[in-house]
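Below is one structure, written out as structure tokens; the observations come after it.
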2 protein chains.
Amino acid sequence: MILSRASEYAIRAMVYMAEKGGESPTQLKDIAESEGIPFHFLAKTMQVLTRIRLVKSFRGPRGGFTLMKRPDQIYLYEIVNAFDAISQWETTCILGINPCSDEVVCPIHEDWKPIKEEIFKMFQEKTLTDLVGQITAKREKLKELGLTG
Amino acid sequence: MILSRASEYAIRAMVYMAEKGGESPTQLKDIAESEGIPFHFLAKTMQVLTRIRLVKSFRGPRGGFTLMKRPDQIYLYEIVNAFDAISQWETTCILGINPCSDEVVCPIHEDWKPIKEEIFKMFQEKTLTDLVGQITAKREKLKELGLTG
DNA sequence: AAAGTATTGGATTTCCAAGTCCTGAACCCA
DNA sequence: TGGGTTCAGGACTTGGAAATCCAATACTTT
């Protein structure tokens with residue numbers, strides 16, 4: 001809806017890796033099956049992440065991928081920007097009026113701008129660690145509800 | 001980026017019509033040329049707007065389209081919803097985790113939800129009149145800047 | 001009524017993201 | 001060192017949105 005499939009898959013894959021956390025590489029097959037992502041498509045996605053050095057790849061038996069930085073140092077922005085030209089959002093408009101800026105007569109620019117900035121901020125501030133935290137917090141919450149509710 | 005081209009074009013077309021405001025129908029050709037929208041594509045788009053009775057069409061010489069309601073009674077939501085299933089946003093996720101809700105372990109749900117709701121609200125509250133107002137306000141502003149700055 | 005104009009709507013084409021396939025290269029282990 | 005495993009990467013196919021095309025219909029004007 002906002003991101004390309006590649007960006008979506010990349011984030012989910014990296015969150016999955018961060019969640020596992022271990023020293024040993026996480027395999028493509030493992031990620032694809034767990035996340036329900038098409039194997040071959042994810043393969044290409046991981047290639048990009050490897051190329052921009054967000055992950056490191058290992059071939060052969062017991063190969064796979066590891067994160068190149070601590071998960072609290074990996075921002076969603078870095079991931080997303082590898083697939084979607086999110087840096088161009090500055091002049092992007094939901095009405096397809098491009099380039100759209102403060103100097104252009106766009107009927108919705110003033111309303112869309114703050115929302116756009118919020119989305120931008122979210123990608124720039126959130127790290128993999130934050131997302132993993134969300135997952136565990138939610139698991140707890142649902143568990144409680146399941147027991148007490 | 002968020003909306004389909006059809007939605008984008010539909011909003012722009014209707015804002016254009018609202019801006020003109022006159023009694024006489026606005027022609028497809030006029031809208032398409034002024035807004036830089038592919039003629040034939042806009043034709044299909046207008047057919048949809050006609051079908052859902054947001055606009056009324058007139059054939060033949062001096063034909064075209066008129067709004068079926070006062071522009072301050074036409075909400076963006078009505079337009080957008082005709083092309084994009086925006087009502088499904090409730091359970092839509094930027095990570096492609098569907099259906100995504102409060103009960104699903106989605107790592108970004110909590111952060112995305114309020115933004116999603118803001119976008120939703122924007123579509124539900126903004127009318128064509130609001131957008132036309134934005135246009136004229138901006139024209140004024142740019143004019144001032146052009147004269148004094 | 002005839003001629004011309006403008007929307008209607010189905011059929012078709014184009015385009016690009018998404019997804020698939022296959023061969024090669026690097027690696028590990030026996 | 002050979003066989004199996006895993007990622008690399010180019011080529012290809014698919015699917016759906018976007019755009020185009022064309023004949024039909026409805027209308028206006030003269």
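Being a predicted model, the structure only gives us computed values, none of them experimental. So that the names make sense, note that chain A is the first sequence line, chain B the second, and so on, each numbered from 1. The figures that follow rest on heavy atoms only: side chains count, while hydrogens, waters and symmetry mates do not.
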Open item on the list: So B/Phe39 and B/Lys29, do their side chains get closer than 4.5 Å, heavy atoms only?
Closed with: yes
Task: Closest-nucleotide 5' rank along DNA chain C - winner of A/Gly60 and A/Leu3 - done: A/Leu3
- [ ] Among the candidates C/dT8, C/dT7, D/dA19, find the nucleotide nearest to the side-chain atoms of B/Pro38.
- [x] D/dA19
TODO: For the side chain of B/Lys44, starting at C-beta, report the closest nucleotide among C/dA18, D/dA8, C/dA11.
DONE: C/dA11
- [ ] Take the protein atom CZ of A/Phe58 and the nucleotide atom P of D/dC7, then report the distance between them rounded to whole Å.
- [x] 11 Å
Open item on the list: Test your reading of the model: is there a side-chain donor-acceptor pair from B/Lys20 to the backbone of B/Thr26, 3.5 Å cut-off?
Closed with: no
Open item on the list: Classify the ring geometry of A/Trp89 against A/Phe123: parallel below 30°, tilted from 30° to 60°, perpendicular beyond 60°.
Closed with: perpendicular
- [ ] From the options D/dT20, D/dG9, D/dT29, select the nucleotide whose nearest atom is closest to the side chain of A/Arg51.
- [x] D/dG9
TODO: Flag the pair B/Tyr9 / B/Phe41 as yes when their ring centroid distance falls below 6.0 Å, and as no otherwise.
DONE: yes
TODO: For C/dT8, take OP1 and OP2 only and decide whether either is under 4.0 Å from a side-chain N or O of B/Ser57.
DONE: yes
- [ ] Calculate the interatomic distance between B/Arg62 atom CZ and C/dA6 atom C1'; express it in whole Å.
- [x] 12 Å
Task: Value in whole Å for how far the C1' atom of C/dA11 lies from NE2 of B/His40 - done: 14 Å
- [ ] Taking only the side-chain heavy atoms of A/Gln47 (C-beta and beyond), determine which of C/dT8, D/dT29, D/dG9 contains the nearest atom.
- [x] D/dG9
TODO: Go through C/dT8, C/dG19, D/dC7 for me and flag the one nearest to the A/Tyr9 side chain.
DONE: C/dG19
Open item on the list: Between A/Lys29 and B/Arg59, which residue's closest nucleotide on DNA chain D lies nearer the 5′ terminus?
Closed with: A/Lys29
TODO: Please determine, for the side chain of B/Pro61, which listed nucleotide (D/dA8, C/dT7, D/dT28) has the closest atom?
DONE: D/dT28
TODO: Look at the side chain of B/Gln27 and decide which nucleotide, out of C/dT7, D/dC7, D/dC21, has an atom nearest to it.
DONE: C/dT7
